[in-house]
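Presented below is the structure to which this report refers.
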Amino acid sequence: MEDKLQELKTRMATVMDLLMAANVLDWDQETYMPPGGAQARGDQVATLQELAHRFITDEAVGKLLDDLAAYEQELDYDSDEAALIRVTRREYNRRTKVPPALVAEYYRTKALATEAWKEARQKSDFRIFEPLLDKMVEIRHQWAECFKPYDNIYDPLIDEYEPGMTSAQIEAVFSGLKPHLVALVQDIVAHQDAVDDSPLHGDFDPEAQMAFGREVVAKLGYDFERGRLDLSAHPFTIHFTRDDVRITTRILRNFLPSCLMGIIHEGGHAMYEQNTSPHFYRTPLAFGASMATHESQSRFYENVIGRSRPFWKHFYPRLQEVFPQLKGVSLEAFYRALNKSQPSLIRVEADEVTYGLHIMLRFELENAILNGQVRVADLPKEWNGRMEAYLGIVPPNDREGVLQDIHWSQGYIGYFPDYLLGSIFSVQLWEQMQQDIPDVTEQIEAGKFDAILAWNTEHIYRHGMKYTLPELAQRITGRPLTWEPYLHYLRTKYGEIYGL
Ligand code: ZN
């Protein structure tokens, strides 16, 4: 059986080389490529992706997986070998169960729906997007049906982004949290005057912003010997191997947090990839566990650490040196400004507290649409009604409402919940870390982040894709994903800031 396992590894190594090479091209496109390169780059990436797809879905891989099934049972579930077979099988099934004709129709519709979405958004008219979205929902419905049996047709789509999670599990977490979150937001709204974020607005030299961001993320543990920082329209992290994990950010000259918090957020994603096990080189295990697990790390560094008082006790004097205009702003005033919370229309600009409600409304609508309880035509109405009920504000138009995200035009249905699951998980992990490292707060105040990185690496990073989020939650904290720590964290932090 060792020779069959070796053959599987060899085949997957080829696939990984193709995918990582495509990543290099993607990175270049998002950072330094001149606009003229776009067409050829699209062809090149498509060819690499197509080749990778052919290698993964080769009948020989299916045969190898069948032959290895009995051997896999004998292996320790926690072994690298069992994980390699398990994760390769998951990917193989995902890519072979959907008929090629449906995949082709999906890509055709995706291209048209994206163009329709852009036009609809620009004209702020949902009706332009509606027929294509209707088609996309129908295609994703058929797609999910290829993975029968399931309890909810939403489940196979969720599983694409978050293996091992179901809509019922997410529903249980979200519906537990929701009424408390709505109440907390209302409470904060009633005390809006408590926080003034004007110190964050002003003129902040772009180069100084980048230099400070580099300094901070290096201290957190991002390894510049195995990474680099560049600019792009939207911040992102990408890796070609654990020894070359790159991040980007963007700079707003008149708003200080954008560049820095972008760097810290992407730094969280990147430290994860930099610290997967070196033994996973050229295997499908050399990735973070899932979308939500990844987001738990980026949000942990960005919010739990990077927007905390101990963190700024350490870094604020240095920030004041870099930007002397902050000399008249106290640490306390700066900390509060950085954590200002206020209901707003746009998800990507939302603060820590209100963010979750933006996600819940999307999760509810996706579930209802796939199950035929809401019609695509009624989405604007349903969207606005929930915005009013949860956040107390109503979008004045579709552009700032139902048309704000690109995801649905791309067919990414089932993706949104992960953003919030990541935040929720980040605090469950933080509670455990505080128990395991009793002086962690003092360490942060002293600017020491080694023990935090070591804890994350030991419990999460080194395992790569070996475990799913539910498995990690159970292994690390002894219980399933749970929302209570997250609510406690928000209530404590914002209760103090807003005097609730
Ligand atoms: Zn992220």
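Both counts, for ligands and for their atoms, begin at 1 and track the order of listing. Being a predicted model, the structure only gives us computed values, none of them experimental.
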Problem - N/O/S atom of E295 inside 2.8 Å of the Zn ion (ligand 1), strictly under - result: yes

Problem - Metal site the Zn ion (ligand 1): N/O/S of H294 inside 2.8 Å - result: no

Handout entry: Minimum-distance atom from the Zn ion (ligand 1) among N, O or S atoms of H269
Key = NE2

Handout entry: Any donor-acceptor N or O pair under 3.5 Å, side chains W117, Q410
Key = no

Handout entry: Rounded distance (nearest 0.5 Å) linking atom OG of S423 with atom CG of D418
Key = 11.0 Å

Problem - Ring geometry between Y489 and Y486 (parallel below 30°, tilted from 30 to 60°, perpendicular above 60°) - result: parallel

Exercise for the section: Return yes if a side-chain donor-acceptor contact under 3.5 Å exists between T477 and Q428, otherwise no. Expected result: yes

